[in-house]
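Atoms within a ligand are numbered from 1 in the order they appear, just like the ligands themselves. The structure presented is a predicted model; accordingly, all values stated were derived computationally and were not measured. The figures here come from the full heavy-atom set of this structure, side chains too, leaving out hydrogens, waters and symmetry mates.
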Amino acid sequence: MTVLAIPRLLDALRAVCGAPPVALHEPRFAGNEWAYVKECLDSGWVSSVGAFVDRFERQLAAQAGVRHAVAVVNGTAALHVCLLLAGVRPGDEVLAPALTFVATINAISYCGAKPHFVDSSAATLGLDPGRLDAHLRDIARYRDGICVNRVTGAPLRAVVPMHVFGHPVDMDALNAVAEHWGLAVVEDAAEALGSTYKGRPCGGLGRLGALSFNGNKLVTTGGGGAVLTDDEAVARHAKHLTTTAKRPHAWAFEHDEVGFNYRLPNINAALGVSQLEQLAGFVAAKRRLAERYHAELAGIGGLSVVGEPAGASSNYWLNAVLLDGPEQRDAVLEATNRAGYMTRPVWALMHRQPMYRDCPRMALPVAEDIERRLVNLPSSAILGERP
Ligand SMILES: *Cc1c(COP(=O)(O)O)cnc(C)c1O
């Protein structure tokens, strides 16, 4: 194990990012944002019905290689709706990585289900399909088309892979495990718009996929999200559920289930249409930035740069390094933030959060190791546009 020379890391950050202060991730509005938002205001159609919503949904579906996209108010709402449409019910368990943003796990709770934590793969940082399969062999039984946790008695209904920092999970392996055990696959692709796995876009690789357009994501609508699916009936139900489950009628207010007010306003979709027009440029800039980090950090001992998994093309939403050991992590975070380069540790693992402490889980050695050693680096698209 090599000790990292922190001044060398600061030099590399200066070489890649320029002079401080440098944010972790800033939005970039270099296209038709002003024109489309103005068009939206001029037309009076600012709320949850409007031409930009339809246009945004068509654009998203094409981008993700699916037939249908339903735009919603944020990524967490998208996940919530995906899980409901995947059949998750109160009392179920849903398999999900311990190494994720809390929204993945909160959405499971909103359904009245319990998260069941799965370890990560060192190669992808995402859920490890092989270890998941071994764990299920240990604790689950499959009967009458339902996978049940033998220990808790609860149905294991679905699995939620999350593409960490835009690096795709090994989805072929995961889909095979899910099919074997009868689990619905809900992709949390919040960080992976523009990433591909074996040439196929993330978000369209499971039964349902969720995207986020929060201000810190690659493409932003201020706040926003989307449900992705190939299934027309599921898409129709997603629209219904997210518009208070109101039955279509010229004037009557009739609702046939407990729905949600989750539709994306037209004014946010106007931003989204313009942002999506720039997606290819954003991804190219992010990949250029990742290349520069690789080049500048390659010669520095004591860390390794996180790269895309084999067979995948990542959007590099957030760049990251893994320190050789955990001892220097806090010193690195201290020194870089003090110097004006915004760096962050990865999320504290979900089974450490008080509300999820008692949830079922497998052994999590890889996630725990990543948690102790990972540091995210400044990753705005604009940094990749520097000459
Ligand atoms: C951003 C994010 C979300 C949620 O998105 P919001 O739009 O902020 O609700 C969900 N999962 C992951 C992994 C995310 O990074």
Closest non-hydrogen protein atom to atom 5 (O) of ligand 1, residue and atom name please, with distance? Ser212 OG, 3.1 Å
Please tell me whether His167 and Glu191 have a donor and an acceptor in their side chains that are separated by less than 3.5 angstrom. no
Based purely on interatomic distance, does Gly75 place a nitrogen or oxygen under 3.5 Å from a nitrogen or oxygen of ligand 1? yes
In the protein, which heavy atom is nearest to atom 15 (O) of ligand 1, and how far is it? Glu191 OE2, 2.6 Å
Lys/Arg N to Asp/Glu carboxylate O, Arg288 vs Glu385, below 4.0 Å: no
Note: ligand 1 atoms sitting under 4.0 Å from heavy atoms of Gly224 are 7 (O)
With rounding to the nearest 0.5 Å, note down the distance linking OG1 in Thr220 to CD in Glu26. 12.5 Å
A student checking ligand 1 against Asn74 at a 4.0 Å heavy-atom cut-off should list atoms 7 (O), 9 (O)
Give the numbers and elements of all ligand 1 atoms closer than 4.0 Å to a heavy atom of Met162. 13 (C)
For ligand 1, which part of Asp188 has a heavy atom less than 4.0 Å away: the side chain, the backbone, both, or neither? side chain
Within a 6.0 Å radius of atom CD on Glu39, are there more than 12 heavy atoms belonging to other residues, nucleotides or ligands? yes
So, Thr104 and Asp188: side-chain donor and acceptor under 3.5 Å apart, yes or no? yes
Lys217, any N or O under 3.5 Å of ligand 1 N or O: yes
Is there a side-chain contact between Leu289 and Val16 (heavy atoms, below 4.5 Å)? yes
Establish, yes or no, whether the cationic atom of Arg14 lies under 6.0 Å from the six-membered ring centre of Tyr341 and within 45° of the ring axis. no
What protein heavy atom sits nearest atom 9 (O) of ligand 1, and how far away is it? Thr76 OG1, 2.5 Å
Could you check whether any heavy atom of Ala78 sits closer than 4.0 Å to an atom of ligand 1, since that is the contact criterion I want to use? no
Quiz: residues 199-210 side-chain donor-acceptor pairs under 3.5 angstrom, not counting sequence neighbours:
{"unit_1": "Arg200", "atom_1": "NH2", "unit_2": "Asp172", "atom_2": "OD1", "d": "3.0"}

Counting from 1 in the order shown, the ligand 1 atoms closer than 4.0 Å to a non-hydrogen atom of Ala190 are 2 (C), 3 (C), 10 (C), 11 (N), 12 (C), 14 (C)
